[in-house]
Every structure is written in C-alpha cells, then in structure tokens.
Amino acid sequence: MSCSQSPYIVQSTCAYCGVGCGIDITVNNGKASALVGTVEHPANFGQLCVKGTNLLATTDLTNRLLEPQINNQTVDWPTATQHVADKFAQIIKEHGPDAVAFYVSGQLLTEDYYIANKLMKGYIGSANIDTNSRLCMSSAVAAYKRSFGEDVVPCSYDDLDSTELLLITGSNAAWTHPVLFQRIERAKKRNPAMKIVVIDPRKTATCQIADYFLPIKPGTDVAFFNGLLNYLSDNNGLNRDYITKHTQGFEQAALAAKKWSLAEVSAYCDVDQKTLARVYQLFARTEKVLSFYSMGINQSNSGTDKCQSIINCHLATGKIAKDGCGPFSITGQPNAMGGREVGGLSNQLASHMDIENPEHRSTVQGFWQSPTIANKAGYKAIDLFDAIDDGKVKAVWIMATNPMVSLPDGNKIARALNKCEFVVVSDCAENNDTLDFADVKLPATPWLEKNGTVTNSERRISRQTNAIAPSGAAKHDWKIIADVAKAMGFSGFDYSHVSEIFREFAQLSGFENNGKRVFDISAFSAITPRQYDRLKPLQWPVNDTYPEGKKRVYEDGQFSTPSGKALFFPITPRQPTQKLSAKFPLRLNSGRLRDQWHTMSRTGKSAQLTAHTDKCYLYINPDDAARLNIVNDEIVNITSSVGQAAVHAKLDKNQRLNECFMPIHWNKQFASSANVSNLYASITDPLSGQAEIKHGAIALSKTDFTQFGQLHLSEEFIVQSQMDNDFWSKARTHYGISYQFANSQRENDLLNWCQTSSHISGEWYQFSQGDTSYVICLQANKLVFLCYVSTTQPKIESAWLNYVFSQSSLSEADIKSLLAGTSSEEFAKGKQICSCFNIGEKDIEGAIKGGCSSVEQLGETLKCGTNCGSCKSELAALLSEHHIDKASLINSTWVE
Ligand SMILES: Nc1nc2c(c(=O)[nH]1)N[C@H]1C(S)=C(S)[C@@H](COP(=O)(O)OP(=O)(O)OC[C@H]3O[C@@H](n4cnc5c(=O)[nH]c(N)nc54)[C@H](O)[C@@H]3O)O[C@H]1N2
Ligand SMILES: Nc1nc2c(c(=O)[nH]1)N[C@H]1C(S)=C(S)[C@@H](COP(=O)(O)OP(=O)(O)OC[C@H]3O[C@@H](n4cnc5c(=O)[nH]c(N)nc54)[C@H](O)[C@@H]3O)O[C@H]1N2
Ligand code: SF4
Ligand SMILES: [Mo]
C-alpha cells in the first residue's frame, strides 16, 4: 500500500544572485510544487525577484545531464571516477602537479568549493585552482586585502536602510540585485531626504531612483574618486582624527589625487561639472555615506585601483564601519563570498590565509595533516587557459561554469580546450558550449537537489537545502570530488554527510587563529547534522565572542593589517587597454538583463523569463545608428580584433555616443553568433587578474542577408527541429520554441525545406504572396508548426502566436489569417474566457488594468462569470497573473 505524504516546507536559498534570498519550497509527494520568499530571512524578508519567483520553471529534466559519460558514451560512476583519477594521476606523474588544474565557480556551495581546494592545494600539491569569480569579484578582493589586510566586506544590508547618501557605481542593481534595489527604494520612501547617485555610462533601470545620474565615460571612475578625495581635502571634508588613528599612507594618496580638480574630472570623465560638484559636496557634508559597487568597477584593467579609490574616500572621511557607511562591494553569484572564504582563488589558502605566507601554509597543512601544500600561487583564470593553450597544463576539470561563453577571447579558449589532453566537465546541463569539449562529463546535482551552504554579499551564511532527491545518477559536487580524491589514493576525503565538511571548515577557521583573522566561524566546530539542517542565516564572524554573528566589522578601527591600520594607496587613472581605433571605433560594454542568468542554462528554459527580452540585441545610440545607416531591429555584424558576432540592433537613447552595450547571456545553444565574450581581448588587471570585459573595441557593418524568417514550433517538436540557417536565434515561448533566422541565399522550395528539416508529419499548407511565404502544419487541426519567410524581417505579434498555438482546434478564420500573415478577428478580442457573455481576455485585462481587483468586480464591470460561473477560475488566474506581473518588478522597461 502506498501512502502519500502531506506537503511540507523546505527552507533554502535562491540559486541566483549574491543577495542570497531565503526561499520556502513546498514539497508535495517528492516534488517541489510551489515556492515563496522566506519571511524571516534577513536578506529578503519574504521578497523574491522575478528570477527567484520563476525558479521552479527551470528545474525540469530537459537538457539535464543524468549519467556520467566518457567520450560521449554513458558509463557508471565507478568507471568515470576511476578514469578521472587515473588520468590526473598519470599526468601528474609524467609532468608534475602543475600540469593539472581545476576551474571552478561561485555557483558551487561552500562545501564543494572547500573540497576542491583541499584536493588541489593539500593533496595534488598545486595551486592551479581558479574560479569564475576571477571574472567577477577578484578586484574587490584584491583591494580589500591590500587596504584592510583581509578580504572583509565591512558593511551590511541594514546600512542600505539607514544611509543618507548612496553612491551606486558600476551596478545596475534594479536588474541584478532586485531585492536589494527594492529595499533601497523603500528606504528612500521612508526617508525622502536620502540622496541616491548613480554612476554608469548607460542610463539604466537603476537610474529611476537616482537624484543625480552621472553618465560617466567608461573606465574613468578612478578620476572621479580621485577628484572626490581632492575635493574632500580642499573643502574641509576630511576626518583627520580617523586618518591619524586608524590609517596609513593618506598623504601619498592625497598627493596623487591633487591634480584632479573639478574641471579636470569633468573633462576626463565627460560629466557635467555642476552635477559633479553637487555630488562631491553631498559626500563631504553627509554623515552617512555608502558606496555600492559591482562589475562596472571590478571588470577593468585597473579594477583593484578603482575599488581602492572608493575605499580611499571612505577612509579619509571615517565614513566606514559604522551605521549607513562604507565601501560595499556587492557580490554577483550566490556563493561568490563562500568561494573567497575557502580560498577559491589560486593565490589564496582556505579560511582567508595566503599561499605566499609560510606560517599560513603550515597552519593549513597542519590542520589537514595533508601530504603536501602548494607553496606558490597557481594560474589565474586567463593565464590558466593560456597555459592550457601553451601545453603547460594538460588536464583541466571545469566545474559549474561555462568558460566557452564567459571568458574573453572565446576563439582562444576553444583552441586551448581542443588542444588539452584531458578535459573533465561537471555540470547539470547536458549541452552547453563548454561540454562540447569534454572528454568526461560528470552529472552534478543542481539547485533543488543539492545541499550545503552559501554566503551572500553581507557575509551571511545560509543553507541551500535539497528539497528533492537527485535525478538520474546526478551526484553532489563535493561527493564527485571526494570520490575522485579517494580513487587517487588520498585519505582525508571520507565524509558521510555534507555537514561534516562544514564542521571541518569551521574548525579550520578557528585553528591557530587567536583573533588574527576576522573570518572565523569556529562557533560551528561541533555542529551536528541536525543543527546544520536548522542553521539560521548568520553573518560571520560567528565565534565565542560573537555567537550570533556580527553585522559590521572593523567598528573599532582595528584592521587586519600587521599595524592594525587601514592602508591608503595613491592611485593614477588608466584608460582601458582595448583602445578605440579607426578600425574598431565603438566602445563595447557588456552586462546583464533583468530576467536572464548568465549563459541561460536555467533561465533560458522559462518562457516567462524569456518574454522580457526574447533575443540578443546590441544597444546603440540612435545618432550612431543613423550615421552607420542602421535601423532598429536590423541584424548587424560586429567585429573586434579577436572575434565576430551578429545580432539585432536596438536603437537606445540611453546609450552614450560611440558606445554600445550587449548582454552576456546568449551563446551557441541559443543563437548562431551572439556571444559577447568572443569580442573581448583577454586583458587583465595586473593586481587582481580580473579581465577587462566591459571595455572592448568593435566595428559594425551591414549584413548581406536576403531572406528573413520566423519559425514557431509547439512544445513537442522542440528537440527534433534544428534548422540550418546562416543566422538564427532561438527562444523559449509559452507554446514551445521560436526561431528567428536569416540567410544570404534564398531558399526557394520553402515547403520542402520545412518538411524535411522539421521531420514533422501532419497536414501541411503553404501560401505565397509577393515576396512572402507562409507554411503551416496542423495535427488534428491543432497548429504545431508555423514558418514565415520574406525579403524583410516579418513581424508577428507574440500574443497572436500564443493564441493560435493554444487553440486545440483552429477555426477556418484563424487558418486563413495565419496564411495571410494577419491576426484574426476572434483574436482581436483575445482568447474567449466568458462564453456566456462572449467576453475575451483583452477586455478582461483592460478592466484589470482599469482597477478591477477581484472576480466580483470583473463581473460587475463586464458581466463575465455572472451566469454559469465556469470561467471564474480563469478570471482569478488572469487577476493573479496580473498581480504577479506587478509584484515581479517595478522596473520592467528601460528608462525613458
Ligand atoms: N538578472 C541577473 N542578475 C544577476 C546576474 C545575471 O546574470 N542576471 N548575475 C549576477 C552576477 S554573477 C553578477 S557579477 C552581478 C553583476 O551585477 P552588475 O555589476 O550590476 O551588472 P552588469 O550588468 O554586469 O554591470 C553593471 C553596470 O556597469 C556599467 N559599467 C560598464 N562600464 C563601466 C564603467 O567604466 N564605470 C561605471 N561606473 N560603470 C560601468 C554597465 O553599463 C552596467 O550597467 O549580477 C548578478 N545578478
Ligand atoms: N563580457 C563579459 N563576460 C563576463 C561578464 C561580463 O559582465 N561581461 N561577467 C562575468 C561574471 S561576473 C561571471 S560570474 C561569469 C559567469 O559565467 P559562467 O560561470 O560561465 O556562467 P553560468 O551560466 O552561470 O555557468 C554555470 C554552469 O554551471 C552549471 N551549473 C549550475 N549549477 C551547478 C552546480 O551546482 N554544479 C555544477 N557542477 N554545475 C552547475 C550550469 O548548468 C552552467 O553550465 O561571466 C563572466 N563573463
Ligand atoms: S534578488 Fe537575487 S537572490 Fe533574491 S530572488 Fe532575485 S535572484 Fe534570487
Ligand atoms: Mo559574477
């Protein structure tokens, strides 16, 4: 007899950004059936953004890697594990430990990350383990370490509530950290005197709350902050007492900033001098000032200096480590901070210790009782792939990152991976651009199935909890690594539960610490699996002194440097290394869209999320477009010194002149040639090794396509139908999938082409009129395939497509309209919801927009649902859909 369990709730953390929102997942008969934000979680207090809200739509088994594979052949785990262990051992034996490497990710959990580090640094004996955080946080890390003596973010989200002046620089938080952004919005509503400044070359959605917007010339932030330091010196803005008691090196920093007068900065940064003066004055006069910064600062040839120039201003004013104040670097990935704690970067050891420090090496090795310990820094991400390209590194194990899409100069990365003797990839997806190069593919458990901890931007450790059992043969990342370590003959990897890893890590953090390192979670040194499961979200340090964690660090002005004082550094601005030239005259900026996550392996599965922006655009100022004779939505060729792409152009007056923006998300799984990283040369910051992936140089040219089309397929036919086109771009839709395509050569027999390449059987119809042809395929009168082709790009309303694909049987009129490329009259009213009074979806939506907020009110207004009442649930669904839309995000469009 089977008995069904009643639904229960699992508390976890969102899979996406560094805000680290708590999520309550309802589990019903072994399946996750619903989720909401955790009301008591201090990162989000119940709120979720649109990505978090739609997480469950990304957890189906399509495109899931479910079995290990060697050379694309399915094998069992013992075979795969032994094969990886043997190959690594063989290469280490022949060429030494530095001939192998791991390339890991801020999307691993702390426990996974810790084990990967332990294996590489303490057992293999190399420090060749680096992470995609090198592309993300390494400049922020380098600056904190250089200035404070340790990688410590001194601030808290609470500071966003209390600050009086918030400087948002190089961050589009409205889209990238939405729950924090909404917190900022609320803070400003509560305190209208709060001032917000946004510094970004683009006028982004974040500017909606800005009192002052500085559309800065890309790459010039150091000049802005040097100018600020200089202004503070000249205008009685310094806190001399703080400088004397708690810092070193102010004079040199001030000297380096001396030349940056308001006029100099205004010219160099290309910003209005009056606004600049006002912002500087606000910084000087306001007591509580918080700087919030992200990739527009970090991803640069001088990212460390940019972070430092921000820190300098906070140290000079003493506006640091107190309520509402400080330099607050915001992390990107869910566990970027956890990676920093376990020593995920190739120049660190676990628990905020340094490879170059012999005392630290002996502490870590002594704690692990490991056979060896790496004694020099390993390759940083970009250098690592160069070393693979040069043949120095012969085996690489890539985990939870997609470097073929996210590293600059993709052609070089492809060359390196092709040459590499042994490539292992652990991923949850079956197909991505990097898996194409894998000799061994290892299936990892994704969010919802995996179990461990993550640390968010404010140092808060939260549990990411497995709500359901692993699918197929998928294994937890820590287990995959530990099993390979054991197969290599290493002891020290015998864990039966993930909490044992966390406990070991907590013990290490307290080992020989004695207050030397702020990172200390030794309060968890004896944590049991049960306590681990109930771990409440706490901000480190969590130790005997602070058993409940600590909101703010360095409040006493005692930093982690040998002298206890924070260090200033004199900074000189540097222009981007990727120079504009006659050949490549446009600046290329890149970043995120609101509803997609990185390389789309998850968010690309959701029609709801894809609806926000269904294809990759290059955003360009309308005047530049006019000069280049480019019209809106035209497909343009993009070239740079290292790569090429072709995407649709979007005219956007929020772009500065001569500057374009392209999102980072699209890749070979979703488009023929829309990977922005291919266009960046691999230039790095000499201190942090972070790549200059916001400041590229490109040229645009027209394409020679003569045939344009769109292809729409219903759900069942997604997989079979890969059409061969010169240009294509694919998007998940509510009915299935849609393709946009273009070709240089005209396809004349459209019907034959559609039939042979789609392999769909059914009733096929074709209709041609002038330059335009239409082909449809019906199965039992239900539309399953639709193709429009023309000499110009056809435009089809997505609501019409949703309508025709949702009809279980198409009417004569609908079919006629389809073949004529117009929408039918029936559709104009929208899907019929109330049959009694013939009320369509559009009227109902109109009434909801007009203020109706209940089924009863709709009935009063339109009569719908007032006769038989069968449509009441659909009315309720429409109401709730509308409600979700409203709640999902206020900033759904670009700022006008
Ligand atoms: N929706 C969504 N949210 C995400 C992610 C995602 O993929 N999708 N990813 C997460 C991750 S890993 C990260 S790292 C964060 C990143 O979060 P953000 O840093 O906010 O995101 P980006 O869009 O990469 O870049 C931010 C801004 O920097 C600006 N910028 C470019 N050059 C300069 C410059 O020289 N100076 C200044 N001041 N600004 C400049 C860009 O125009 C852009 O608006 O987002 C996280 N959140
Ligand atoms: N030009 C340009 N390039 C950029 C950036 C930019 O702004 N501009 N931003 C950079 C930044 S900040 C970042 S963070 C990177 C992000 O770039 P990536 O890390 O390459 O992007 P993701 O798509 O997040 O890749 C994660 C992969 O891991 C898999 N995965 C997800 N969860 C798990 C798991 O639990 N275990 C395992 N084993 N696999 C998992 C996913 O299926 C996916 O294939 O891109 C960087 N590249
Ligand atoms: S703000 Fe970040 S952590 Fe929170 S729900 Fe959205 S993506 Fe997830
Ligand atoms: Mo990131």
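Both counts, for ligands and for their atoms, begin at 1 and track the order of listing. Positions are given from 1 along the sequence.
Applying the side chain to side chain donor-acceptor pair (under 3.5 Å) criterion to His598, with sequence neighbours excluded, gives no partner residue. For Asp151, the side chain to side chain donor-acceptor pair (under 3.5 Å) partners two or more places apart in sequence, or in a different chain, are Arg340. With sequence neighbours excluded, the residues that form a side chain to side chain contact (heavy atoms under 4.5 Å, CB included) with Glu40 are Gln11, Thr38.
Across Tyr495 and Ile115, no two heavy atoms sit closer than the pair CE1-CD1, 3.3 Å. When every heavy atom of Cys17 is checked against every heavy atom of His177, the shortest pair comes out as SG-CD2, 3.9 Å. A pairwise comparison of heavy atoms in Tyr157 and Val19 identifies OH-O, 2.9 Å as the closest pair.
Scanning the protein heavy atoms around atom 39 (N) of ligand 2, the nearest turns out to be Ala400 CA, 3.2 Å. From the protein, the heavy atom lying nearest to atom 44 (O) of ligand 2 is Asp427 OD2, 2.8 Å. Nearest protein heavy-atom neighbour of atom 35 (O) of ligand 2: Lys450 NZ, 2.7 Å. With respect to atom 32 (N) of ligand 2, the closest heavy atom belonging to the protein is Cys428 SG, 3.8 Å. Shortest contact from atom 19 (O) of ligand 2 to any protein heavy atom: Asn132 ND2, 2.7 Å.
Cation-pi check for Lys412 over Phe385 is not met; the charged atom does not lie both under 6.0 angstrom from the ring centroid and within 45 degrees of its normal. Cation-pi geometry between Lys475 and Trp77 is met: under 6.0 angstrom from the ring centre, within 45 degrees of the axis.
Close approach to Thr599 involves these atoms of ligand 2, each under 4.0 Å from a residue heavy atom: 21 (O), 22 (P), 23 (O). Listed by number with element, the atoms of ligand 2 under 4.0 Å from a non-hydrogen atom of Gln107 are 19 (O), 22 (P), 24 (O), 26 (C). Under a 4.0 Å criterion applied to the non-hydrogen atoms of Tyr680, ligand 2 contributes the atoms 1 (N). If you number the atoms of ligand 2 from 1 as listed, the ones under 4.0 Å from a heavy atom of Ser590 come out as 1 (N), 2 (C), 6 (C), 8 (N). Close contacts between ligand 2 and Trp597 involve ligand atoms 24 (O) [criterion: under 4.0 Å to a heavy atom]. The atoms of ligand 2 that sit less than 4.0 Å from any heavy atom of Asp477 are 34 (C), 35 (O), 36 (N), 37 (C), 38 (N). Those atoms of ligand 2 with a heavy atom of Ser406 less than 4.0 angstrom away are 3 (N), 4 (C), 15 (C), 17 (O), 18 (P), 20 (O), 45 (O), 46 (C), 47 (N). Distances below 4.0 Å separate heavy atoms of Ser426 from the following atoms of ligand 2: 37 (C), 38 (N), 39 (N). Of all atoms in ligand 3, numbered sequentially from 1 with element shown, those under 4.0 Å from a heavy atom of Gly20 are 3 (S).
For the residue pair Trp397/Ser426, the side-chain donor-acceptor check at 3.5 Å is satisfied. Looking at Arg183 and Asn44, their side chains never bring a donor and an acceptor atom within 3.5 Å of each other.
For atom 4 (C) of ligand 2, the nearest non-hydrogen atom from the set Ile693, Leu588, Leu435 comes from Ile693. Of the listed residues (Ser294, Ala429, Ser677), the one carrying the non-hydrogen atom nearest atom 3 (N) of ligand 2 is Ser677. Nearest to atom 12 (S) of ligand 2 by heavy-atom distance, out of Arg592, Met137, His598, is Arg592. Which of Val425, Asn402, Leu442, Thr131 comes nearest to atom 25 (O) of ligand 2 through a heavy atom is settled by distance: it is Asn402. Closest heavy-atom approach to atom 9 (N) of ligand 2 within the set Gln464, Met295, Gln299: this belongs to Gln299.
Under 4.0 angstrom from ligand 2, the non-hydrogen atoms of Ser601 all belong to its side chain. With a 4.0 Å cut-off on non-hydrogen atoms, Ala444 touches ligand 2 through its side chain and not its backbone. Here Asn432 has side-chain heavy atoms under 4.0 Å from ligand 2, and that is the only part of it that gets that close. By the criterion of a heavy-atom distance under 4.0 Å, neither the backbone nor the side chain of Trp447 is placed next to ligand 2.
Contact check for Val454 versus Ile461: no side-chain heavy atoms found under the 4.5 Å cut-off. Side chains of Asn667 and Met404 form no contact here, defined as non-hydrogen atoms less than 4.5 Å apart. No side-chain heavy atom of Asp112 sits under 4.5 Å from any side-chain heavy atom of Asn335.
By the 3.5 Å distance cut-off applied to N or O atoms, Lys694 is counted among the residues near ligand 2. At under 3.5 Å, not a single nitrogen or oxygen of Gln333, backbone or side chain, sits near a nitrogen or oxygen of ligand 2.
Using modelled atom types, no side-chain atom of Thr169 and backbone atom of Tyr293 make a donor-acceptor pair closer than 3.5 Å. Counting only distance, with no hydrogens or angles, the side chain of Arg463 and the backbone of Gly452 share a donor-acceptor pair below 3.5 Å.
Ligand 2 lies out of reach of Val405, whose nearest heavy atom is not under 4.0 Å from it. Residue contact annotation: Asn298 has no non-hydrogen atom under 4.0 Å from ligand 2. In this structure, Gly332 does not count as a contact residue of ligand 2, since none of its heavy atoms falls inside 4.0 Å of the ligand.
Within 6.0 Å of NZ in Lys605 there are more than 12 heavy atoms belonging to other residues, nucleotides or ligands.
Using a 4.0 Å cut-off between charged side-chain N and carboxylate O, Asp652 and Arg202 make no salt bridge.
Each of Thr577, Thr304, Asn298 was evaluated against Asp685; a single residue qualifies, Thr304, per the side chain to side chain contact (heavy atoms under 4.5 Å, CB included) test. Applying the side-chain hydrogen bond (donor to acceptor under 3.5 Å, both in side chains) test between Asp427 and each of Thr434, Thr401, Asn432 identifies Asn432 as the sole match. Put simply, the residue from Ile698, Leu588, Val642 that forms a side chain to side chain contact (heavy atoms under 4.5 Å, CB included) with Tyr680 is Leu588.
Shown here are the protein N/O/S atoms lying under 2.8 Å from atom 6 (Fe) of ligand 3, water excluded: Cys49 SG.
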